Amino acid sequence: MLKFYIVLIILISILVGCAPESIKDEDSYQIPPLLTDELGEDMKEVEVFTDVMQRDGQFPEKVVVDTNYYSSNEVSRGDLVQVNIPADQAAEYSQGNPGSHVVRVVALPGETVKAEEGQLYVDGAELETFYGSAYRWAGGSSAEQTTDFSMPEFTVPESSFLLSGDNWWRSPVNIAISPIPREFIVGKVIGYIE
């Protein structure tokens, strides 16, 4: 009987050790930083569509995008990006809303993604960050977390990214629609100006 318990403990240890750790993103900011320097020639100010990024009413109405950032940097999880959805592809990628959108990179090419009870999982690991859980913001000082959203697992195609506004329910580009091709990403949001 002692051998049985030893084998059981070893098996449990192996299974626990194989469980994916959570993915943490402690570098991304919910609100972009205030910029005080002059804007460079590759930087432009763009309007944020409705309240897609709001979780607490503090996200600026306009942000600054560096359109040259990704010519020398990789797109990373947590990046705030501007995308431009062509009118003839808006039904597939942005619920019929063509043009410019500011959204966040949630998953990268080749990763598997699913949502269970309002929580995102990437490659089986919980996305443990402020944009990894479903929230609803309808004005006021804070958003409410919600557990009424689930989505079956799928793989993000190569050369595409899973993007969404932080307020999933208000974002035309969101996790429930379709991964966005890399060529639609215009640049990285680097801050805002007053």
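Quantities reported herein were computed from a predicted structural model and do not represent experimental measurements.
You'll find the side chain of V105 stays beyond 4.5 Å of the side chain of S76, heavy atoms only. You'll find the side chain of V113 reaches within 4.5 Å of the side chain of F154, heavy atoms only. Between P109 and F161 the shortest side-chain heavy-atom distance falls below 4.5 Å. Side-chain contact between L80 and P32 is present, with heavy atoms from C-beta onward closer than 4.5 Å. The side-chain heavy atoms of S160 and R182, taken from C-beta on, include no pair separated by under 4.5 Å. With a 4.5 Å cut-off on side-chain heavy atoms, M151 and K114 do not count as touching. Looking only at side-chain heavy atoms (C-beta outward), V156 and L108 stay at 4.5 Å or farther from each other.
To the nearest 0.5 Å, atoms OG1 (T67) and CG (D42) are separated by 4.5 Å. Residue E194 holds its CD atom at 10.5 Å from CG of L35, rounded to the nearest 0.5 Å. Separation of atoms OG (S133) and CG (D166) is listed at 11.0 Å; rounding is to 0.5 Å. Note that the CE atom of M53 and the CD atom of Q58 stand 14.0 Å from one another [nearest 0.5 Å]. Atom NE2 of H101 and atom OG of S94 lie 4.0 Å apart (nearest 0.5 Å). L39 CG to I190 CD1: the interatomic distance, rounded to the nearest 0.5 Å, is 7.0 Å.
A donor-acceptor contact shorter than 3.5 Å is absent between the side chain of N73 and the backbone of Y70. A donor-acceptor pair under 3.5 Å is absent between the side-chain atoms of S22 and the main chain of L127, judged by distance alone. Looking at S164, its side chain never comes within 3.5 Å of a backbone N or O of N174 through a donor-acceptor pair. No donor-acceptor pair under 3.5 Å is formed between the side chain of E61 and the backbone N or O of E47. Checked by atom type and distance alone, the side chain of Q89 never pairs as donor or acceptor with a backbone atom of Y93 at under 3.5 Å. For Q119 (side chain) and E126 (main-chain N/O), no donor-acceptor pair under 3.5 Å exists by modelled atom type. A donor-acceptor pair under 3.5 Å is formed between the side chain of Q95 and the backbone N or O of S171. E117 places no side-chain N or O within donor-acceptor distance of the main-chain N or O of F149, the cut-off being under 3.5 Å. Checking side-chain atoms of R104 against main-chain N and O of G165 turns up no donor-acceptor pair under 3.5 Å.
Residue Y69 is grouped with residue I185 when hydrophobic side chains (ILVMFWY) are merged at heavy-atom distances under 4.5 angstrom, including chains of intermediate members. In this structure, L162 is a member of the same hydrophobic cluster as V122, with clusters built from ILVMFWY side-chain heavy atoms closer than 4.5 Å. A chain of hydrophobic side-chain contacts below 4.5 Å, direct or via other Ile, Leu, Val, Met, Phe, Trp or Tyr residues, connects V75 to L163. Residue V186 is not grouped with residue V63 when hydrophobic side chains (ILVMFWY) are merged at heavy-atom distances under 4.5 angstrom, including chains of intermediate members. Cluster membership check: V65 shares its hydrophobic cluster with Y29, using side-chain heavy-atom separations under 4.5 Å among Ile, Leu, Val, Met, Phe, Trp and Tyr.
For the pair K188 and D79, the salt-bridge criterion is met [side-chain N within less than 4.0 Å of a carboxylate O].
Within a 6.0 Å sphere centred on CG of D27, other residues, nucleotides and ligands contribute 12 heavy atoms or fewer.
Just one residue in the list I180, V189, V81 forms a side chain to side chain contact (heavy atoms under 4.5 Å, CB included) with V103, and that residue is V81.
If you check the side chains of D123 and T112, you find a donor sitting under 3.5 Å from an acceptor.
When all heavy atoms of V48 and V52 are compared, the pair lying nearest together is CG1-CG2, 4.1 Å. In terms of heavy-atom proximity, S28 sits nearest to F130 at O-CE2, 3.8 Å. What you find for L120 and A115 is that their closest heavy atoms are CD2-CB, 3.9 Å.
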With salt bridge (Lys or Arg N to Asp or Glu O under 4.0 Å) as the criterion, how do R77 and D25 come out once you've worked through the C-alpha distance, each side chain's angles and the decisive distance to 0.1 Å? CA-CA 8 Å; R77 182 185 337 280; D25 178 357; over 6 Å; no
